[in-house]
*Asks:* 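Below you'll find the structure I mean.
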Amino acid sequence: MHHTIQVQELVFKYPDGTRALDGVSFHIAPGEKVALVGPNGAGKSTLILHLNGILQGEGTVCVADIPVVEKNFARVRAAVGLVFQDPDDQLFSPTVFDDVAFGPIYQGLDEQQVRARVEHALHAVHMQDYARRVSHHLSVGQKKRISIATVLSMQPEILVLDEPTAGLDPRGRRDLIRLLRELPQTMLIATHDLHMVQELLPRTIVMDGGRVVADGRTSEILNDDALLNAHGLEKP
Amino acid sequence: MHHTIQVQELVFKYPDGTRALDGVSFHIAPGEKVALVGPNGAGKSTLILHLNGILQGEGTVCVADIPVVEKNFARVRAAVGLVFQDPDDQLFSPTVFDDVAFGPIYQGLDEQQVRARVEHALHAVHMQDYARRVSHHLSVGQKKRISIATVLSMQPEILVLDEPTAGLDPRGRRDLIRLLRELPQTMLIATHDLHMVQELLPRTIVMDGGRVVADGRTSEILNDDALLNAHGLEKP
Amino acid sequence: MLSAPLSPPLMHIPDGFLSILVSVVLWIATIGIVAVSLQRVNRDLGERQVPLMGVLAAAIFAGQMLNFPVAGGTSGHLLGAALATILLGPYAAVLVMACVIGVQGLLFQDGGLLAMGANIFNMGIVGVVVTHFLYRTLRNLGSGKRWTIFVGGFASAWLGVVTASLITALELAISGTTAANIAIPAMGGVHVLIGFGEALITVGALAFLYFTRPDLLKIGEAKPAGRAVWLAGLVIALAIAVASPLASSFPDGLEWVAEQQGFLNNAHNAPYQIIPDYVFPGIGNAALATIVAGVIGTLVVGGVAFALAYARRNRSVVSN
Amino acid sequence: MHVHFLDPFHNGTSLIHRLDPRVKLVFTLAYIVTASLLPFGAWAAYVLLLAIVLSVELASELGIGYVLRRALLATPFVLAAVPLIFTVPGTLLFTFSLGAWTFTASLEGVERLLSIAFKSWVSVQMAIVLAATTSFPNLLMAMRGIGIPRLLVAIVGLMWRYIFVLVDQALRLLRARAARSGATPEMGRRVGGSIVWRAQTTGGMAGNLLMRGFERGDRIYAAMAARGYDGEVRAFPLPQVPLTQWFGLGAAIFLFALILLFSILIVG
Ligand SMILES: Nc1ncnc2c1ncn2[C@@H]1O[C@H](COP(=O)(O)OP(=O)(O)OP(=O)(O)O)[C@@H](O)[C@H]1O
Ligand SMILES: Nc1ncnc2c1ncn2[C@@H]1O[C@H](COP(=O)(O)OP(=O)(O)OP(=O)(O)O)[C@@H](O)[C@H]1O
Ligand SMILES: [Mg+2]
Ligand SMILES: [Mg+2]
């Protein structure tokens with residue numbers, strides 16, 4: 001299967017009239033790790049919510065070669081693992097186990113398979129001892145890891161993360177970057193953390209005002225002072 | 001009046017037994033701008049909440065020469081403007097105007113004075129056109145500015161800010177630093193942003209484990225690698 | 001510091017205060033109404049209901065911690081039934097309130113378990129139905145103008161609280177655990193005041209939402225209420241009609257009663273004089289039974305204590 | 001800031017902690033029903049009930065002091081039953097007058113008041129033990145086990161999860177308000193604003209919480225949808241209750257029935 005993301009001429013207006021996406025197009029190849037950067041309100045989160053059909057705008061979105069339209073939602077959501085910025089939005093079940101098992105249960109796996117998936121996912125984020133813990137009594141960094149486990153357990157081909165390092169202290173951030181480097185999936189990461197972009201993600205897409213204003217090699221983009229200044233960014 | 005902060009042998013335990021402050025003493029002279037740094041859980045926020053009596057521990061705290069004890073709370077809170085880390089914690093009224101007017105109305109000013117105060121405070125943060133907007137629907141950086149206006153309108157002699165740059169995009173952060181530099185008040189700023197400390201604040205207090213472990217010129221402290229490493233900090 | 005009470009001092013009835021008949025009847029009524037509400041909410045809200053109901057129930061729970069000082073050391077609190085009804089419509093509001101009251105009882109013993117049916121009925125269902133009834137009527141009378149949101153919100157929040165308190169007192173009286181002619185006016189009286197706090201906060205919340213998210217105020221209006229709600233409203237209105245003449249004659253409250261009673265105790269030492277004269281109420285044949293029970297009880301508790309001590313010693317031996 | 005005080009669960013490994021949550025829930029309900037059904041003044045039965053709850057407290061290793069302290073929370077409601085002293089007819093104890101009123105206390109009234117207080121006291125203790133020895137996820141399981149609809153259980157589960165988030169938020173809003181409630185007295189003004197303004201501000205905070213609730217509800221829905229949620233609540237089947245615990249529960253209910261029967265026979 002082709003773990004690609006294709007977005008073409010995507011336009012989206014919020015009900016109150018805010019034109020959050022204004023003709024966005026790009027293409028991500030299998031296995032690529034891509035950063036999505038831009039100032040507050042650029043439309044990054046809005047774009048991400050289109051990648052598995054939570055929002056639907058005009059234009060076409062294809063994920064893993066499946067068009068993101070109503071009848072494909074189940075398949076699309078199995079293919080794309082979405083991690084939201086705030087782990088409190090992501091972890092809604094009473095225990096860590098329930099949360100990580102949620103996706104596999106909805107995929108219709110039987111109990112034994114679900115347990116195996118959960119164990120594997122928690123292992124990947126080094127949280128295997130926390131299955132019985134209650135999600136809200138964990139630290140922010142731990143919640144972040146569990147959030148990632150909740151999508152890993154669905155074994156998606158593509159990972160989409162919204163500001164994964166926000167709110168982590170330096171050590172927690174470093175652990176997370178290491179974890180993301182180990183994972184083999186195609187990745188799209190929206191972030192303000194340009195240091196992480198520099199270290200982890202070879203390609204960068206810059207958005208502003210609902211449009212893609214630059215797309216290219218991270219090393220080039222982060223050295224283009226004029227571009228960075230024009231879009232509220234700063235050299236790391 | 002003397003816009004000082006004096007803290008002597010302050011000890012505080014949370015109800016669950018956590019000893020968050022373990023004998024903290026320092027003295028800030030009028031007009032000084034001081035950084036408060038240290039790893040997660042060092043006790044920075046806890047200390048700040050003592051400066052206007054929201055928490056009360058053993059030891060003495062004097063602010064603008066007023067002892068922070070129950071009967072002085074109203075005066076202390078008029079003298080110290082506290083800005084919390086998350087602007088969503090700071091803004092609780094429907095419109096920006098209502099929020100900035102809360103302090104002055106509480107102080108018992110008449111309508112005209114309140115209006116003048118609000119206008120002046122919004123002007124200081126360059127948000128004079130936003131008075132009628134809904135606080136909740138602004139960008140993070142704009143909310144941060146409004147948060148600061150809510151305390152400026154009370155005309156405090158001392159500003160205490162908890163992690164003011166967290167969650168801002170690079171441009172928002174730069175604007176905020178410029179604003180803080182312009183303000184004449186005595187300032188104590190708790191932060192993880194050592195770049196800002198370097199630029200803005202000539203003096204630094206380092207906390208760890210509920211104690212002050214260093215207090216001196218920022219330039220010296222930020223060059224003391226042994227100290228920084230020992231307390232989970234990194235040279236900017 | 002912010003030592004907030006887990007819930008406002010309201011009418012959460014603990015176990016032991018309602019007769020089994022009243023408890024069971026109200027449990028059955030509550031289960032029926034909650035079941036109908038579940039079905040309706042399922043139909044109207046679809047798959048969004050679980051997250052939305054859950055988080056809003058948590059928000060109402062948390063909102064009950066918000067208070068503001070009123071004169072004389074008391075404070076105004078939020079109960080939330082009116083707000084939930086106006087925002088969500090009656091069915092979803094019943095669910096949200098049932099969850100809030102259920103969790104308060106189950107986790108914090110704020111209200112009993114056997115009495116939970118009654119508590120959900122009083123604070124959830126009665127509060128919701130009365131609010132809905134009055135709010136819709138006022139909105140229609142004012143032909144949906146903006147100010148009717150606030151006037152309707154104020155009046156219905158106030159009436160919701162007062163009615164719920166009267167119904168609570170009525171149930172206690174029917175159970176034989178209080179005297180109707182004192183409890184009903186006392187509960188009603190204090191909640192006439194508490195109701196103002198509720199009403200003011202409700203209007204403040206509505207104003208906030210009107211400014212920030214006016215679309216939210218329309219969710220509750222989307223569906224016209226079914227006949228069931230109007231019928232329930234009628235029944236409750238009748239109950240008020242019966243109870244209110246009593247209520248108006250005695251403007252005191254539960255807290256007032258509390259203070260006065262403390263005062264009475266101190267002034268007259270009343271309860272303490274009883275014991276010396278009469279050793280223990282029900283002396284006679286029952287006394288023997290009590291002694292026997294006491295002996296058995298001591299043996300049971302002592303046995304458990306001994307068994308535990310023994311088990312623990314064994315455990316520590318093993319772990320060594 | 002983190003609100004731990006909200007979670008009444010005390011981790012432990014005692015016998016009571018290890019019981020199946022459904023057994024505990026049914027046992028607690030049976031106990032409370034028994035207490036409610038006992039006639040007024042059945043002191044022998046009350047003592048037995050007290051012995052049972054004290055034994056359970058001992059076995060739970062929570063510490064009797066902890067339970068008794070928490071049980072006091074429910075006492076203010078006893079005031080509702082105080083008028084009984086004066087309204088239940090029976091043997092005259094004493095009279096006194098207060099202003100225009102004369103109060104006449106009766107022995108039967110006092111007995112009834114004490115009975116109600118006692119029943120309520122032991123019931124609340126048992127409920128405290130249940131909440132303190134059963135983690136909430138297990139209580140949810142027990143709720144499913146006794147037939148509460150899955151949908152409702154799911155809503156309660158989510159509610160519990162977000163109580164911590166939103167109570168934290170509420171406390172922070174209160175803190176923000178306190179921080180800006182400052183005034184300098186020498187100006188000689190009336191400080192604090194009017195009551196209506198205060199209430200409006202508080203209302204704004206409540207509205208704020210609700211709005212965040214709505215917005216968070218939307219985001220959680222998105223998170224659930226992203227993991228395949230389609231409106232149906234799914235979960236693993238419940239595990240079996242061990243046979244010994246079934247027997248234990250049966251024996252306990254039988255004992256309750258005996259206590260009830262005898263006290264009704266003796267006291268009437
Ligand atoms: N629910 C909503 N209703 C109306 N407008 C919205 C909504 N959510 C976002 N917007 C608007 O859409 C635009 C894009 O927002 P989005 O959240 O996608 O930005 P972002 O790039 O993720 O910003 P940030 O870096 O702050 O996360 C902004 O102008 C925002 O105000
Ligand atoms: N409400 C509370 N109850 C119990 N312990 C608390 C509470 N709030 C904070 N603590 C504890 O007190 C200590 C100091 O916390 P504080 O919030 O002051 O740290 P901080 O220096 O502000 O950290 P950060 O950089 O993460 O903001 C920590 O160990 C923390 O876990
Ligand atoms: Mg975003
Ligand atoms: Mg802090």
Side-chain angles (χ1 to χ4, degrees), chain C residues 2 14-17 20 38 46-48 50-59 61-63 65-66 68 70 76 78 99 103 107 109 112-114 172 177-179 182-183 200-201 203-205 208-209 212-213 216 257-258 261 268 274 281-282 286 289-290 293-294 297 300-301 304-305 308, chain D residues 8 29 32-33 36-37 41 43-44 47-48 51 54-55 58-59 74 77 79-83 87 93 96 110-111 116 119-120 123-124 127-128 131 151 154-156 158-159 162-163 166-167 170-171 174 198-200 202-211 213-214 216-217 220-221 231 266:
Chain C
L2 299 160
D15 283 323
F17 281 82
I20 209 89
L38 263 178
E47 48 184 78
R48 266 185 65 202
V50 171
L52 196 61
M53 299 292 103
V55 179
L56 286 179
F61 182 99
M65 299 193 153
L66 304 174
F68 67 97
V70 191
L78 183 70
C99 290
V103 166
L107 282 190
Q109 292 76 47
L113 299 182
L114 189 59
L172 290 171
T177 55
T178 190
I182 296 178
L200 286 170
I201 297 180
V203 170
F208 181 94
L209 292 170
T212 53
R213 289 285 305 270
L216 295 182
V257 173
Q261 196 54 46
H268 298 272
I274 307 164
T290 308
V300 173
V301 177
V304 170
L308 278 178
Chain D
L29 288 174
I32 292 173
V33 168
S36 290
L37 281 176
W43 298 104
V47 170
L48 285 179
L54 287 178
S55 306
L58 271 176
F77 210 88
L79 290 169
V82 164
T87 56
L93 268 183
F96 68 91
V110 170
E111 186 183 56
I116 290 169
K119 289 170 166 205
S120 162
S123 300
V124 130
I128 290 169
L151 202 62
I155 293 176
V156 172
L158 259 149
M159 170 191 174
Y162 286 99
I163 276 180
L166 286 163
V167 166
L171 293 180
L174 286 170
R198 273 182 243 160
Q200 293 284 298
T202 311
M205 290 157 72
N208 194 315
L209 272 181
L210 277 170
M211 182 185 59
F214 271 107
R216 197 177 278 277
I220 294 161
Y221 168 62
I266 292 178

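Below, chains carry the letters A, B, ... as their sequence lines are ordered, and counting in each starts from 1.
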*Asks:* Which heavy atom in G217(D) sits nearest to a heavy atom in V55(C), and how many Å separate them?
*Replies:*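 Closest approach of G217(D) to V55(C): CA-CG2, 4.2 Å.
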*Asks:* What pair of heavy atoms forms the shortest contact from L166(D) to A59(C), and how long is it?
*Replies:*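 Where L166(D) meets A59(C) most closely, the heavy atoms are CD1-N, 3.5 Å.
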*Asks:* V103(C) versus chain D, heavy atoms under 4.5 Å apart: side chain, backbone, both or neither?
*Replies:*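 Only the side chain of V103(C) comes within 4.5 Å of chain D.
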*Asks:* Under a 4.5 Å cutoff for heavy-atom pairs, which residue among L200(C), V50(C), L172(C), L114(C) has the most contacts with chain D?
*Replies:*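 So the answer, after comparing L200(C), V50(C), L172(C), L114(C), is V50(C).
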*Asks:* Mind ranking R216(D), M159(D), Q200(D), M205(D) by heavy-atom pairs under 4.5 Å with chain C and telling me who comes out on top?
*Replies:*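 Maximum pair count with chain C is reached by M159(D).
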*Asks:* Relative to chain D, which of G112(C), G63(C), A57(C) shows the most heavy atom pairs under 4.5 Å?
*Replies:*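 Highest number of heavy-atom pairs under 4.5 Å: A57(C).
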*Asks:* Among all residues two or more places apart in sequence or in another chain, which pass the side chain to side chain contact (heavy atoms under 4.5 Å, CB included) test with A205(C)?
*Replies:*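 Testing A205(C) for side chain to side chain contact (heavy atoms under 4.5 Å, CB included), a comparison that skips the adjacent residues, returns L83(C), A206(D).
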*Asks:* T212(C): which residues meet the side chain to side chain contact (heavy atoms under 4.5 Å, CB included) condition with it, sequence neighbours left out?
*Replies:*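 Per chain and number, T212(C) pairs via side chain to side chain contact (heavy atoms under 4.5 Å, CB included) with V134(B), F208(C), L209(C), M211(D).
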*Asks:* Can you give me the closest heavy-atom contact between P51(C) and I220(D), atom names plus distance?
*Replies:*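 So the minimum-distance heavy-atom pair works out to CB-CG2, 4.0 Å.
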*Asks:* Should D15(C) and V124(D) count as side-chain neighbours, where that means a heavy-atom distance under 4.5 Å?
*Replies:*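 When only atoms from C-beta onward are counted, V124(D) and D15(C) do not touch, as no gap falls below 4.5 Å.
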*Asks:* Let me know if L210(D) has heavy atoms under 4.5 Å from chain C in its side chain, its backbone, both or neither.
*Replies:*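 Contact with chain C: backbone and side chain both.
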*Asks:* Tell me which of these, A199(D), G213(D), S123(D), has more heavy-atom pairs under 4.5 Å with chain C than the rest.
*Replies:*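 Heavy-atom pairs under 4.5 Å are most numerous for A199(D).
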*Asks:* Between I155(D), V156(D), L158(D), L37(D), which shows the greatest number of heavy-atom pairs under 4.5 Å with chain C?
*Replies:*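 Answer, by heavy-atom pair count under 4.5 Å with chain C: I155(D).
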